[in-house]
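All remarks here apply to the structure that follows.
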Amino acid sequence: MKSVIIGQYIPGKGLFYKLDPRTKIIAVFLLMVSVFLFERIEQLLIALGVATLLLLVGKINIIRVIKGLKPIMILLIFTFIFQIMLNKQGQKVVEHDMYFTLFTLLFLVIAFILWRVMVKITKFRFTFFFLFVISIYLTLRYVDYGQTIIQPFNFAIYEDGITMSIFVVIRLLIIITLSTVLTLTTKPTDLTQGLEKLMHPLKKIGFDSESFALIISISLRYIPTIFDEANKIMMAQASRGADFSEGKLKDKLRQVISLLVPMFIIAFIRSEELANAMESRNFVPGEPRTRIHELTMSYRDTLATLFSFSVLILSIVLKVI
Amino acid sequence: MSYIEIQKLSYSYNEKTNVLDDINIDIEKGEWIAVLGHNGSGKSTLAKTLVGLLEPKTGDITIDGITLGEETAYEIRKKIGIVFQNPDNQFVGVTVKDDIAFGMENLCVPREEMLEKINFYAKKVNMLDFLDKEPATLSGGQKQRVAIAGILAMQSDIIIFDEATSMLDPYSKEELIQYIKTLHKDGLTIIMITHDINEALLADRILVMNKGKVFAFQETEKIMKDKETFTSSNLELPVALELANSLAQDDKFKEIRDKLWEYALTK
Ligand SMILES: Nc1ncnc2c1ncn2[C@@H]1O[C@H](COP(=O)(O)OP(=O)(O)OP(=O)(O)O)[C@@H](O)[C@H]1O
Ligand SMILES: [Mg+2]
């Protein structure tokens with residue numbers, strides 16, 4: 001349990017590592033806004049191309065970024081399907097009847113079983129999910145023999161449906177790539193410090209950005225410790241016969257509670273002791289302190305900010321025209 | 001005037017029973033004091049009042065001429081640091097470097113000076129190679145040494161150890177004890193709360209607490225010769241002394257008993 005990764009940060013060199021976290025946060029924000037302003041698919045495709053180019057220039061491991069996309073792959077596929085099915089504008093591209101018969105049902109069950117088996121025995125979960133979705137479509141379209149269960153219904157894909165779905169997916173892809181690059185190349189501590197500095201002006205409306213940053217950095221620091229602790233408690237309970245992997249829902253619930261109760265008690269003791277340790281080292285909330293971490297800007301930061309500003313202006317200009 | 005003066009100190013958590021009851025102690029600069037006593041005898045409470053984490057019910061604590069109060073707590077804490085029992089619950093920083101810096105940041109030490117001191121004190125506690133390591137990758141003993149470096153970097157010259165070795169493995173424990181010895185040689189004042197009599201024997205003076213009161217406070221040599229104090233304090237003694245005490249019931253074994261006492265004390 002010693003190597004619990006905090007956040008997604010991977011140490012490295014490249015251009016993006018050299019940028020100040022504040023610059024990166026601002027740039028990501030500006031670029032995301034521009035991506036929302038782009039209205040034509042060509043513009044988005046160019047944006048995607050530029051984003052990929054930037055990844056290459058910054059020597060970012062593209063594989064890591066793709067891995068970062070994995071958790072939202074299903075979301076992307078669903079967005080795509082919904083857009084295609086629900087958007088009924090523009091010219092019809094495809095139109096045909098869909099059938100749902102006893103044989104359709106049989107085929108679907110087989111496809112489902114195949115999909116689950118393949119997911120279990122191979123690593124390509126998303127590929128097979130995708131194949132499963134396609135097989136549903138093909139079955140509904142071509143399997144028209146056997147006892148009808150649902151009357152044949154009309155299915156059509158419209159031009160705008162296709163463009164919009166591609167549009168939305170690319171937009172999501174760019175946004176997620178941007179935020180992945182941010183978390184991949186910025187230490188969590190730097191990220192919090194950057195946020196702290198950027199939110200500093202909010203002090204006027206009563207937001208204490210320093211305490212906020214301290215809370216975040218303490219939470220980050222304690223994540224591995226608490227993981228460790230959960231592990232120890234689980235092992236202690238396993239040694240008394242508890243089994244966390246098996247059992248009915250009711251048993252599982254009991255086991256989760258038996259894990260949570262000691263963890264909360266320990267957390268209370270811990271917070272008390274930590275507060276004591278901090279106070280004895282002269283920490284006074286809200287008082288000025290110096291910082292060991294210093295954020296410094298260089299010409300690179302100016303360039304990066306200029307670049308993202310010009311992209312934003314470009315997107316505004318394109319929208320107005 | 002002594003370096004640390006505790007006068008008529010009382011404390012209670014619930015207003016009913018006094019956890020600390022009329023404590024009067026003087027400690028000189030550079031002394032090594034061991035504090036012994038049963039669970040719940042008030043050792044940790046005493047330590048917390050000394051650094052101003054708890055406000056005394058009655059009585060005064062004066063350190064280097066400054067009397068502890070709400071306004072002076074900040075000044076007092078510059079002089080006195082505390083290392084707690086659980087190494088994990090006092091590690092504030094995300095890395096070793098951050099943690100050593102934490103106290104200095106609170107004292108508004110300029111960044112350049114902090115960097116110098118971090119290097120200096122990390123080297124002193126043998127943690128220079130670990131500056132960028134996260135606490136999850138350190139052993140308990142290493143974390144305790146980082147805590148010490150943080151206190152030293154604040155230029156404190158009194159360190160309280162509240163059972164700081166009790167969660168360490170025997171090797172790290174011995175290492176930390178050796179390290180405390182060098183701090184003592186450097187002239188720091190050390191107050192070491194412990195349950196381990198062998199550890200206590202290293203101190204110049206031993207304070208035995210019992211039910212919130214000072215049961216005994218004497219030079220280590222003297223207190224160890226004073227069989228009465230130890231027999232009546234019910235503390236867990238080294239095996240030789242335990243044996244001696246049980247032999248004490250019978251006059252026939254008087255000679256053996258005295259030999260055992262001698263052995264335990266000279267060792
Ligand atoms: N936060 C608290 N609230 C109420 N009572 C407390 C609190 N902390 C300690 N006590 C009580 O005060 C008494 C002294 O506790 P203290 O922690 O000072 O003892 P100790 O000598 O350090 O014991 P140990 O050897 O177990 O560390 C105990 O009876 C304890 O139950
Ligand atoms: Mg205690």
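Any value given below was found using the heavy atoms of this structure, including those in side chains, with hydrogens, waters and symmetry copies removed. Quick note on labels: first sequence line is chain A, next is B, and so on, each numbered from 1.
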From CA spacing to verdict: salt bridge (charged side-chain N to carboxylate O under 4.0 Å, His left out), A/Arg289, A/Glu210:
CA-CA 10 Å; A/Arg289 336 170 42 220; A/Glu210 274 147 41; over 6 Å; no
Could you state the interatomic distance from CZ (B/Phe102) to CD (B/Glu105), rounded to the nearest 0.5 Å?
7.5 Å
With rounding to the nearest 0.5 angstrom, report the CZ to CD1 distance, B/Phe161 to B/Ile177.
8.5 Å
Answer with side chain, backbone, both or neither: which region of [X] has an atom nearer than 4.5 Å to a non-hydrogen atom of chain A?
X	answer
B/Asp162	neither
B/Tyr74	both
B/Lys48	side chain

Salt bridge check: are [X] and [Y] linked by an N-O gap of less than 4.0 Å?
X	Y	answer
A/Lys187	B/Asp132	no
B/Lys29	B/Asp157	yes
B/Glu113	B/Lys117	yes
A/Arg221	B/Asp88	yes
A/Glu229	A/Lys232	no

Qualifying residue, where the test is side chain to side chain contact (heavy atoms under 4.5 Å, CB included) with B/Leu9 and the options are B/Asp60, B/Leu50, B/Leu46, B/Ile25
B/Leu46
Closest heavy-atom contact between B/Ile23 and B/Gly212?
CD1-O, 3.6 Å
May I ask you to name which of A/Glu287, A/Glu294, A/His293 has the most heavy-atom pairs under 4.5 Å with chain B?
A/Glu294
Who among B/Asp98, B/Leu107, B/Val51, B/Ile118 has the most heavy-atom pairs with chain A under 4.5 Å?
B/Asp98
When B/Pro135, B/Ala73, B/Gly81 are compared by non-hydrogen pairs under 4.5 Å with chain A, the top option
B/Pro135
Taking 4.5 Å as the heavy-atom cut-off, does anything in residues 196-208 of chain A contact chain B, and if so which residues?
none
Ordered numerically, the heavy-atom neighbours of chain B under 4.5 Å found in residues 273-283 of chain A are A/Glu273, A/Leu274, A/Asn276, A/Ala277, A/Met278, A/Glu279, A/Ser280, A/Arg281, A/Asn282, A/Phe283
Of the backbone (N, CA, C, O) and the side chain (C-beta and beyond), which part of A/Ser217 lies under 4.5 Å from a heavy atom of chain B, both, or neither?
both
Which bit of A/Glu272 comes within less than 4.5 Å of chain B, counting heavy atoms only: side chain, backbone, both or neither?
neither
Please report the C-alpha distance between B/Lys57 and B/Asp21 in whole Å, then the side-chain angles of each, then the deciding distance to 0.1 Å, and finally whether the salt bridge (charged side-chain N to carboxylate O under 4.0 Å, His left out) criterion is met.
CA-CA 10 Å; B/Lys57 192 163 103 183; B/Asp21 194 7; over 6 Å; no
Run B/Thr194 and B/Glu163 through side chain to side chain donor-acceptor pair (under 3.5 Å) and show every step you take.
CA-CA 5 Å; B/Thr194 178; B/Glu163 298 184 37; over 6 Å; no
Measure the shortest side-chain to side-chain distance between B/Val35 and B/Ile160 over non-hydrogen atoms and say whether it is less than 4.5 angstrom.
no
